[in-house]
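Treat the numbers as computed from the prediction; the structure is a model and nothing was measured.
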Amino acid sequence: MTELAAVKTALKTQAVETPSWAYGNSGTRFKVFAQPGVPRNPREKLDDAAQVHAFTGAAPTVALHIPWDKVDDYGALAKYAQERGLKLGAINSNTFQDDDYRLGSICHPDAAVRRKALDHLLECVDIMDATGSKDLKLWFADGTNYPGQDDIRERQDRLAEGLAQVYERLGNDQRMLLEYKFFEPAFYMTDVPDWGTAYAHCLKLGPKAQVVVDTGHHAPGTNIEFIVATLLREGKLGAFDFNSRFYADDDLMVGAADPFQLFRIMYEVIRGGGFTPDVAFMLDQCHNIEAKIPAIIRSVMNVQEATAKALLVDGAALVDAQRTGDVLAANAVIMDAYNTDVRPLLGEVREELGLDADPVSAYRRSGWGEKIAADRVGGQQAGWGA
């Protein structure tokens, strides 16, 4: 197999999980802008997700968020997804939108609140059992706003205790993915603020606990690819939440702010053996002003383009330059791959899969956007908190 053929083969295996909440209305703390045709329930979210997969061929799973995607029969929802060529992916918990969580959830000083949060997390594992989902994704808004507000060490003890109880409930083929965020909504101290804290808890828990790297959850200038390389080296990188940031947790389309960073991350994924189903490539984005479905299609394409460029890095030439200390030659290898226009290559890959070479244009021609705008009139649109 030629090198180019191997790259094409690899690209055909790539899968990007889309988030159910990205299909609903979202916004900032100032305003949520509603759009016509937005889904009103989890099934309509899956209908839209099926369109993304149909035009990209690379988005076969959909992450759920509980209780935003709460239904009476999760087995039936999984069957509905399957009928549309999809599977249900990670189950995301929500321990940040209840009044009881003002001072935290599983790190809260009140044992009754901690119990409430824990019961919700265990409910999410029950949902995993019903849907066949393998991943429980945990992000905690827990933290403090002022020095002295609570005991930092005791909060870590509470966190460890709660995670251990959830970990014990997981099945043999299930895993816990722990996300981190260095600030917001807690501004003085966040209980899981960085990859080191997440890694330390996952390491203590065991092999079914791994770290999620959200590409928007880092301070400016953070070398995310170093974090990725280190977690892969330790066997603790479980998933990505792909999005893009200019300032803080902007949740913009992946690759929008710094496509070169996305390329560098994907190079480390490939270099570290992370281009496998064991590392989930998930989107976590809020499409506040742009149309939802084409934005998600574009996001999948952005991940594909960064991956294609990373696969084109001349590994032998790079190693040779590194070993001989040729700094400029080594950098040139990386830059040559990044500066390659991979859009024709990806167009060929899609056509070989029986797809249109340009997924966004194909979607616009399909008329789906106009159809759902006409059909989804009335009812309560899904959105932030729904």
Side-chain angles (χ1 to χ4, degrees), residues 17-26 32 38-49 61-82 86-102 104-108 113-142 159 162-163 165-171 173-181 185 192 208-210 212 214 238-239 241 251 280 282-286 380-386:
E17 183 163 302
T18 68
S20 68
W21 53 97
Y23 296 97
N25 287 320
S26 59
V32 173
V38 165
R40 297 163 296 184
N41 54 61
R43 292 195 174 205
E44 290 183 347
K45 293 178 184 179
L46 292 174
D47 291 340
D48 288 354
T61 59
V62 181
L64 300 184
H65 212 298
I66 309 300
W68 299 347
D69 295 315
K70 193 175 183 65
V71 295
D72 293 331
D73 189 335
Y74 289 99
L77 187 65
K79 183 179 179 182
Y80 187 86
Q82 185 177 20
L86 302 169
K87 289 185 178 180
L88 298 182
I91 303 300
N92 291 252
S93 61
N94 185 323
T95 56
F96 54 87
Q97 281 193 312
D98 192 289
D99 286 345
D100 285 343
Y101 299 142
R102 181 171 61 92
S105 59
I106 64 171
C107 299
H108 198 287
V113 176
R114 296 199 299 273
R115 182 71 247 180
K116 175 179 178 176
L118 178 61
D119 287 344
H120 168 66
L121 301 182
L122 296 175
E123 175 195 14
C124 287
V125 182
D126 292 339
I127 294 171
M128 292 169 66
D129 292 340
T131 60
S133 302
K134 304 300 182 185
D135 292 338
L136 172 67
K137 188 143 72 68
L138 305 177
W139 171 70
F140 298 105
D142 295 35
L159 174 63
L163 290 176
Q165 293 182 67
V166 179
Y167 186 90
E168 194 64 30
R169 169 65 181 80
L170 294 173
D173 61 344
Q174 295 173 337
R175 61 181 184 168
M176 170 193 297
L177 302 176
L178 182 59
E179 190 175 345
Y180 59 90
K181 186 176 183 181
V192 190
K208 291 187 290 185
Q210 294 185 302
V212 176
D214 184 306
D241 270 0
D251 274 347
M282 299 183 282
L283 302 180
D284 181 13
Q285 303 176 164
C286 291
Q380 179 66 42
Q381 287 188 329
W384 179 252

Other residues, nucleotides, ligands: >12 heavy atoms within 6.0 Å of E168 CD | no

State, with a plain yes or no, whether a side-chain heavy atom of M282 is found less than 4.5 Å away from one of D135.
-> no

Taking atom types as modelled and ignoring hydrogens, do the side chains of Q285 and D251 form a donor-acceptor contact shorter than 3.5 angstrom?
-> no

Donor-acceptor contact present, side-chain H65 to main-chain N94, <3.5 Å = no

Looking only at heavy atoms, the pair that brings V113 and D100 closest together is CG1-O, 3.5 Å

Measure the spacing between CG of L64 and CG of N92 and express it to the nearest 0.5 Å.
-> 8.0 Å

Go through the side-chain N and O atoms of W21 and D284 and say whether any donor and acceptor fall under 3.5 Å apart.
-> yes

Keeping the roles fixed (side chain from Q82, backbone from K79), state whether a donor-acceptor pair exists under 3.5 Å.
-> no

Mark yes or no for whether R114, through its side chain, and H108, through its backbone, hold a donor-acceptor pair below 3.5 Å.
-> yes

Straight-line distance of T61 OG1 to L86 CG, nearest 0.5 Å | 8.5 Å

Are any non-hydrogen side-chain atoms of L121 and L163 less than 4.5 angstrom apart?
-> no

Rounded to the nearest 0.5 Å, what's the gap from OG on S133 to OH on Y74? Could you check?
-> 11.0 Å

Side-chain H-bond candidate by donor/acceptor type, Y23 with D47, under 3.5 Å = no

K45/D69 ion pair, N-O < 4.0 Å | yes

Ignoring hydrogens and geometry, is there a side-chain-to-backbone donor-acceptor pair from D98 to Y101 under 3.5 Å?
-> no

Taking atom types as modelled, is there a side-chain donor on R40 or Q380 under 3.5 Å from an acceptor on the other?
-> no

Got a second to check how far K208's NZ is from M176's CE, nearest 0.5 Å?
-> 9.0 Å

Distance col, row S93:OG vs E179:CD, nearest 0.5 angstrom, shows 9.5 Å

Tell me, with the steps shown, if W139 and F96 meet ring-ring contact (aromatic ring centres under 6.0 Å, His included).
-> CA-CA 9 Å; W139 171 70; F96 54 87; 5.2 Å; yes

Any side-chain heavy-atom pair of D142 and V192 under 4.5 Å = no

